[in-house]
Amino acid sequence: MSIEISQIGKQFGAFSALDNINLTIPSGELTALLGPSGSGKTTLLRIIAGLENPDRGSINFFGEDTTYKPIKDRGVGFVFQHYALFKHKTVFENVAFGLRVRPSKNRPSKSEITDKVNHLLSMVQLQSMAKRYPSELSGGQKQRVALARALAVEPKVLLLDEPFGALDAKVRQELRRWLRFLHDEIHVTSVFVTHDQEEALEVSDKIVILNKGKIEQIGTPEEVYDNPANPFVYGFLGNVNLFHARFERGIVRPNGKENKRGVEFFVRPHDVTIDFDNEDGKGLEATIATYRILGNRVRVELKTLIGSQEIEADIEKKRWNEIKAQNRERLFIHFKQAKIYDENNEWSDYVI
């Protein structure tokens, strides 16, 4: 059982928000829709929810066609970025709202509602705040109330639109871990939108990367990070160095501004090493331009002597202290791993 999205298309005037989207979201998985602004991820989420109708294509929930079904009949729970809590209701009443407004034939008894709400508040660790109002809560607490409210109606699908976007970095990190733990407890099929690569990599079972209304790659966090399907995915997921080079007798030479025909190299900063010598003859000679100390890591900006191309390295502070102690004007850059893409987006690994 799964959510089947088939040939979905959506236009806003001349702008194509979604172009022939085909996607299967497995039951019980937490799937992230990841992409830059304007990539179509929020539009796709709204179509899954029933807040937007597609221009073409179909949506099936667990074998049932829900393409044009009203949102109230889809069995979805929705969590928004800005909480959307009822300011005049307590935490308890916010969570209970969806249960209280059910038609009388489907509405639980008062005692059942009380038990369910207390159980959910316990799950989100807010039982002691049941009588408080939203104005008395922190941002992270408000978002947990919003999630408990969405889960109260026992949705078939839980949808989250940038759920942590309004929170500061520390709270975001805490709630990411908490969301993953909660999902492992309840196993509701979940889809969340984010533009935060780290968030998607840490929380999700599967990542769908969108760009300009099309899917670039679908895979586990490990798959999309270690084996990006094309240069866009490589560049979008985490920091990356891109530089143009050519091969000369098996040795890489930067092209710089000469724009000679060659290849594109993609290298993660943590795959760049800085050495004092060049015994294998394959290193790139460079000088240090700037550096920033980030806790126990140091981000070093280097510039190649040939071509003046900038390359960023992320190294341990201990190694940086060794480099600083040597005080050498010229150093050599090697790569633990680089990826080269050809015109067909076929890639290969290369070690320098």
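For this chain, numbers begin at 1 and follow the sequence in order. Source: prediction; values computed, not measured.
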Are more than 12 heavy atoms, taken from residues, nucleotides or ligands other than [X], located less than 6.0 Å from that residue's [atom1] atom?
X    : atom1 : result
E316 : CD    : no
F181 : CZ    : no
E198 : CD    : no

Task: Closest non-hydrogen atom pair, G213 against I21 - done: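 Closest heavy-atom pair between G213 and I21: O-CD1, 3.4 Å.
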Task: Any donor-acceptor N/O pair, D19 side chain to K214 backbone, under 3.5 Å - done: no
Task: Pairing of R172 and E199 as salt bridge, 4.0 angstrom limit - done: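 E199 and R172: salt-bridged.
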Task: R292/D314 salt bridge by N-O under 4.0 Å criterion - done: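 Result for this pair is no, no salt bridge flagged.
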TODO: Could you tell me whether the side chains of T67 and D65 share a donor-acceptor contact shorter than 3.5 Å?
DONE: yes
Open item on the list: Just by distance, no angles: are the side chains of E285 and N278 close enough, under 3.5 Å, to form a donor-acceptor pair?
Closed with: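 No, because no side-chain N or O of E285 sits under 3.5 Å from a partner of the opposite role on N278.
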Open item on the list: Given the ring of Y234, does R268 sit roughly above its face, with NZ or CZ under 6.0 Å from the centre of the six-membered ring and within 45° of the axis?
Closed with: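 Pair R268/Y234 counts as cation-pi.
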How are the rings of [X] and [Y] set to each other: parallel, tilted or perpendicular (split at 30° and 60°)?
X    : Y    : result
F86  : F97  : tilted
H183 : H187 : perpendicular
F78  : F80  : parallel

Open item on the list: For L284 and L302: C-alpha separation, side-chain torsions, deciding distance, then whether side chain to side chain contact (heavy atoms under 4.5 Å, CB included) applies.
Closed with: CA-CA 11 Å; L284 303 178; L302 303 111; over 6 Å; no
